[in-house]
Amino acid sequence: MAAIPEKPTLDGLDERWSAAWEDAGTYRFDRTKRRPEIFSIDTPPPTVSGSLHVGHVFSYSHTDTIARYQRMRGREVFYPMGWDDNGLPTERRVQNYYGVRCESHLPYDPAFVPPEKPGKDPVPISRPNFLELCARLVAEDEKAFEHLWRRLGLSVDWSMTYTTIGTEARLTSQRAFLRNLARGEAYQADAPTLWDVDFRTAVAQAELEDRELPGAYHALRFHKAGGAGDLLIDTTRPELLAACVAVVAHPDDARYRSLFGAEVITPLYGARVPIVAHRLADPEKGTGAAMICTFGDLTDVTWWRELQLPTRAIVGLDGRIKHDPPEAFSADGHAAYAEIAGRTVKQAQKIVVEQLRASGELDGEPRPITHPVKFFEKGERPLEIVTSRQWYLRNGGREPELRAALIARGHELEWMPAYMRARFESWIEGLTGDWLVSRQRFFGVPFPVWYRLDADGQVLHDARLLPADDALPVDPSTDCPPGFDESHRDQPNGFTADPDVMDTWATSSLTPEVACGWATDPDLFARTFPMDLRPQAHEIIRTWLFSTVVRAHLEFDVLPWKHAAISGWVLDPDRKKMSKSWGNVVTPLEWLERYGADAVRYWAASGRPGTDTAFDEGQIKVGRKLAIKILNASKFALTVGGAGDGGNGAGASDAGGDVAAVTAPLDRALLAALGALIGEATAAFDQFDYARALERTERFFWSFCDDYIELVKVRAYGGETGAAAESARATLRIALSSLLRLFAPFLPYVTEEVWSWWRAGSIHRAPWPSVPELGVTGNPLVYAVAAEVLGAVRKEKSEQGVSLAWPVDRVVVGDTTERLAALDAARSDVCDAGKIAQLSTEVDGQMLVKVELAAPTGP
RNA sequence: GGGCGUUUAGCUCAGUUGGUAGAGCACCUGCCUUACAAGCAGGAGGUCGUGGGAUCGAGACCCACAGCGCCCACCA
């Protein structure tokens, strides 16, 4: 209990209460509670190597309001925070930050110290050294995030953080993978794969994005066998001509029907390729005939697979044309190929076009077009398709039954807002294959797999060596498989490690399992899983949400959570998707310091679930004003009539005041209206609609300040005694108690501050307000009519340009009998508040208020 | 091309069983009133995207169209 300040202020509240909550363990999770008593939240682990912007503050504030509401409802809230620190973003940040480059073949250098400043040329370092730097940098980043989150007032239990590269995450990912493997859900395949030539890794369908790029149609002259003329074929990728394995047209296309089964000879290279038919060939496009290359795009892959064509790959993992030409070229063909060998595809295209022009096999000039090209979402050059050995996880991409089961999971899940389910479904319906989970990178969870080598040192991919479950997590590049030691590594008849790491989503898809302790803490797991809520952004429904559903479905045959709350984006003030540069002009911490956490949270909570919201400094200012208003109104409610240090101390009831003392009709009317508000706010929160709960509460609160307090002020003042005065004072406290608790999920600092003036314990562990605790309530009409008449009196004074304290000789109110009766019940309050000498009423169908001001007195 | 969302005051947005348009900001006017001048009171401002339909009655329901945004698909 603290004294009520003479001049309440928001200054210093954030720091003071953050520290107090930490000391008191206010948000500590009590793991003795059982599953039904617990509300568990699968918090999104933010990418720590990314920049912090107000978008983070926005969506994490939403989740925190839900967490606080559930906690006040009596649920023990399991609200851990994770840090997503594995994967490419961290690698990239480490490379730039320290000026280093990971080279897997280098030996570990225990004495390595990164350069003070990144040099011009990156320093090549070993994989273990590189991983050390990753670990060092993410530790710093995570501190910055935690600082921001604490300041924002997230009610997270900070003793329960996890990271996606930590031991728990590696153990969970590897165990889950091995179980997937044992059940046949994970498998390895040597197949065409989308490949980023800069990152030198395979990427998954979920990580693709289209970008519009300029390109050009080139009409190539293929030669019919036996000199029977030419066949024109349009292509945007003439550089892949050497990889052409067939020409395809639609089976119904009359122009080509007679040619199916025949062969044509490719320009430049003189290779004989068949003309084949396939329904995906579009007669409307180009000449209606297309060349099939291995591989120019995903349609090529489909044709290649379904028509069982040979492979003639010419693009290497480095994105350059391979040096060995495919077979079946003519002598001139080999010469032509030699000129592009070793070149990038871009360079090769120029050369090939020149060669075609020279040979007369380019029909006309290239016709420029703009077309969508597939990119890795983090990449800078178009993806190539190369054949490589990769791990896959079944996700319904190739099995209708699994696909249907996952769509059914989407129906089982409760979405907020509900329409977001459509994105989940359309993603599943568009899957073209299983989930490619292996990445040729370093800072990730390694696949816990080794392979036998034969007597020649060749890898036997079918002869897998797996670790014992209790040995997990393992790093196969430094740990040895059972029965082998380091001397057998990479030796004939020995073993070699699987070189790949898992896709970052392969770990992130297990956040419920990681956070709830599936691998290490079965007791905790039983108390928290399946979880109650997954809050997340809509653009990662296809990745994070979907993959998490897949993993839980495969492993446990359940949904990982009951509800998914999808948040929108923060947009620039001009309503464009927020750009990095704009979002970083002022950092989130600076906003918090400028206006206080409550103010920023207020803005965030005004963004409805799933709705993109423009950043609005004005709303933050409004939030700050609201917080200040709460301080001042509370001070008044708690001190009026000398009640400041009175009877409602540690032992006060939930209601916050003496319910039995509430006797005046106006006061009882207020409690009736308050009860309705509590019902609305509770219903809104139960549907995760925090924005509605805030809006209703705020509206009520301003009316409470402007109307109710003004109406009862005189009655509640210190000079007054008796039941009427006590009734007003008790009602002020009771209403304040409820209102503070209704605001607590949004404005944790100011509400806690006021609560501490007069109540024991944290407001954030206080029970959510309820109608029963208000006791008997009255007719809300009394409050409504009294406020309206007072408003009419104010309006008259305002229009006459006099002070609101100006006396009124007489007011005549015309209204219905029922409303006049309600007014009569609050007659003295209305007269006191309006300084009205005489109030008379007359029954009338329509409300009419006539106000006669007192004449000016004196000079 | 398919789907989802959205369109209400100058700006940001509420408007949940259909009953004669709301809030905040900004703007204008007035007011030091014993919680609050980072305040209080008041005012002005909208044919609710367009066109149809069912209804006694539509911002809300149905249909079509348009703008904006997003998701998915197409990528020769």
Side-chain angles (χ1 to χ4, degrees), chain A residues 4 7-10 210 212-213 215 217-218 233-237 240 247-249 280-282 285-293 296-300 303 369 371-374 417 419-432 538-539 541-542 568-569 571 573 575-577 603 606-608 610-619 621-622 624-640 680 683-684 687 689 691-692 695-696 698-699 702 705-706 709-710 713-714 717-718 790-791 793-806 833 835:
Chain A
I4 301 177
K7 185 99 180 148
T9 173
L10 298 177
D210 286 350
E212 288 285 335
L213 281 194
Y217 277 120
H218 302 72
I233 288 180
D234 274 332
T235 178
T236 56
R237 301 205 58 184
L240 293 182
V247 167
V248 66
L280 285 182
D282 182 355
K285 249 181 204 153
T287 60
M291 64 176 192
I292 301 176
C293 305
D297 61 35
L298 291 174
T299 316
D300 280 344
W303 282 326
I369 55 160
H371 62 155
V373 178
K374 288 209 182 305
Y419 60 74
M420 286 294 178
R421 202 194 73 232
R423 302 195 180 198
F424 178 81
E425 228 164 282
S426 71
W427 172 250
I428 295 178
E429 283 161 357
L431 286 172
T432 57
H538 54 63
E539 80 270 22
I541 288 173
R542 69 175 183 176
W569 278 326
L571 307 174
R575 299 207 60 79
K576 294 279 180 349
K577 186 184 173 186
W603 158 74
S606 64
R608 309 187 89 75
T611 306
D612 295 346
T613 302
F615 181 77
D616 185 357
E617 187 173 356
Q619 277 297 105
K621 289 180 180 171
V622 171
R624 183 172 174 84
K625 275 162 60 174
L626 173 62
I628 291 170
K629 190 80 173 175
I630 288 172
L631 285 178
N632 288 314
S634 299
K635 180 191 156 197
F636 177 79
L638 294 174
T639 56
V640 68
E680 275 191 284
Q687 294 167 60
D689 195 349
R692 168 183 291 268
E695 192 254 331
R696 297 301 149 92
E698 189 189 5
R699 187 193 305 177
W702 283 104
C705 291
D706 298 342
I709 287 183
E710 293 303 324
K713 210 172 229 192
V714 173
Y717 277 146
L790 179 61
V793 173
R794 281 179 188 146
K795 178 171 175 174
E796 182 65 20
K797 291 178 180 176
S798 208
E799 281 171 357
Q800 298 302 322
V802 302
S803 153
L804 292 180
W806 196 271
K835 296 238 158 92

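Because the structure is a prediction, the values reported are computed rather than measured.
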Sugar-phosphate, base or nothing in reach of A:R542, heavy atoms under 4.0 Å: sugar-phosphate

Under 3.5 Å donor-acceptor pair, A:D282 side-chain atoms to B:C74 base atoms: no

Opposite nucleotide pairing with B:C40, Watson-Crick or G-U, both atom distances under 3.5 Å: B:G30

Whole-Å P distance, B:G24 and B:G51: 31 Å

C1' gap between B:C4 and B:G57, integer Å: 31 Å

Which residue lies more 5' along RNA chain B, comparing A:L804 with A:K797 via nearest heavy atoms: A:K797

Least distance between heavy atoms, A:G568 atom then A:D612 atom: CA-OD1, 3.4 Å

Sugar-phosphate only, base, or nothing, as touched by A:S426 at under 4.0 Å among non-hydrogen atoms: sugar-phosphate

Rounded C1' spacing from B:G42 to B:U33 in Å: 15 Å

Main-chain N/O of A:L804 paired with A:K797 side-chain donor or acceptor, under 3.5 Å: yes

Below 4.0 Å: OP1/OP2 of B:A76 and any side-chain N or O of A:T236: yes

Test item: A:T432 side-chain N/O and A:G430 main-chain N/O as donor-acceptor pair under 3.5 Å: no

Closest listed nucleotide, where the reference is the side chain of A:R794 and the choices are B:A41, B:C74, B:G43: B:A41

Sugar-phosphate, base or nothing in reach of A:R421, heavy atoms under 4.0 Å: nothing

Touch class at under 4.0 angstrom, heavy-atom based, for A:C705 against every strand present: base

Sugar-phosphate, base or nothing in reach of A:K621, heavy atoms under 4.0 Å: nothing

Pairwise P distance for B:G15 and B:A73, with rounding to whole Å: 33 Å

Nearest-angstrom distance from the residue atom CH2 of A:W702 to C1' of B:A35: 12 Å

For atom NZ of A:K635 and atom P of B:U34, their distance in whole Å: 13 Å

Sugar-phosphate, base or nothing in reach of A:K7, heavy atoms under 4.0 Å: sugar-phosphate

Sugar-phosphate only, base, or nothing, as touched by A:G801 at under 4.0 Å among non-hydrogen atoms: sugar-phosphate

Touch class at under 4.0 angstrom, heavy-atom based, for A:K625 against every strand present: sugar-phosphate

A:T611 side chain vs A:G607 backbone, donor-acceptor pair below 3.5 Å: no

Sugar-phosphate, base or nothing in reach of A:D300, heavy atoms under 4.0 Å: nothing

Contact under 4.0 Å: A:R608 side-chain N or O vs B:G15 OP1/OP2: yes

Inter-nucleotide P distance (B:A58, B:C71), Å rounded: 38 Å

Touch class at under 4.0 angstrom, heavy-atom based, for A:E710 against every strand present: base

Under-3.5 Å donor-acceptor pair between A:R699 side chain and B:A23 base: no

Any A:H371 side-chain nitrogen or oxygen under 4.0 Å from OP1 or OP2 of B:A76: yes

Nucleotide B:G24, atom P - distance to CG of A:L626 in whole Å: 13 Å

Sugar-phosphate, base or nothing in reach of A:A805, heavy atoms under 4.0 Å: sugar-phosphate

Spacing of the C1' atoms in B:G43 and B:A26 (rounded, Å): 14 Å

Pairwise C1' distance for B:A38 and B:G22, with rounding to whole Å: 26 Å

Under 3.5 Å: donor-acceptor pair, side chain of A:D234, backbone of A:Y217: no

For atom CZ of A:R423 and atom P of B:C72, their distance in whole Å: 8 Å

Sugar-phosphate, base or nothing in reach of A:G296, heavy atoms under 4.0 Å: nothing

Sugar-phosphate only, base, or nothing, as touched by A:K285 at under 4.0 Å among non-hydrogen atoms: base

Closest to the A:K629 side chain, choosing from B:A35, B:C4, B:G69: B:A35

Any A:Y717 side-chain N or O less than 4.0 Å from OP1/OP2 of B:A35: yes

Within-4.5 Å side-chain heavy-atom neighbours: A:W603 and A:K621: no

Sugar-phosphate only, base, or nothing, as touched by A:A281 at under 4.0 Å among non-hydrogen atoms: base

Of the listed nucleotides B:A35, B:A76, B:C74, the one nearest the side chain of A:P372: B:C74

Proximal nucleotide (of B:C31, B:C25, B:G42) relative to the A:V622 side chain: B:C25

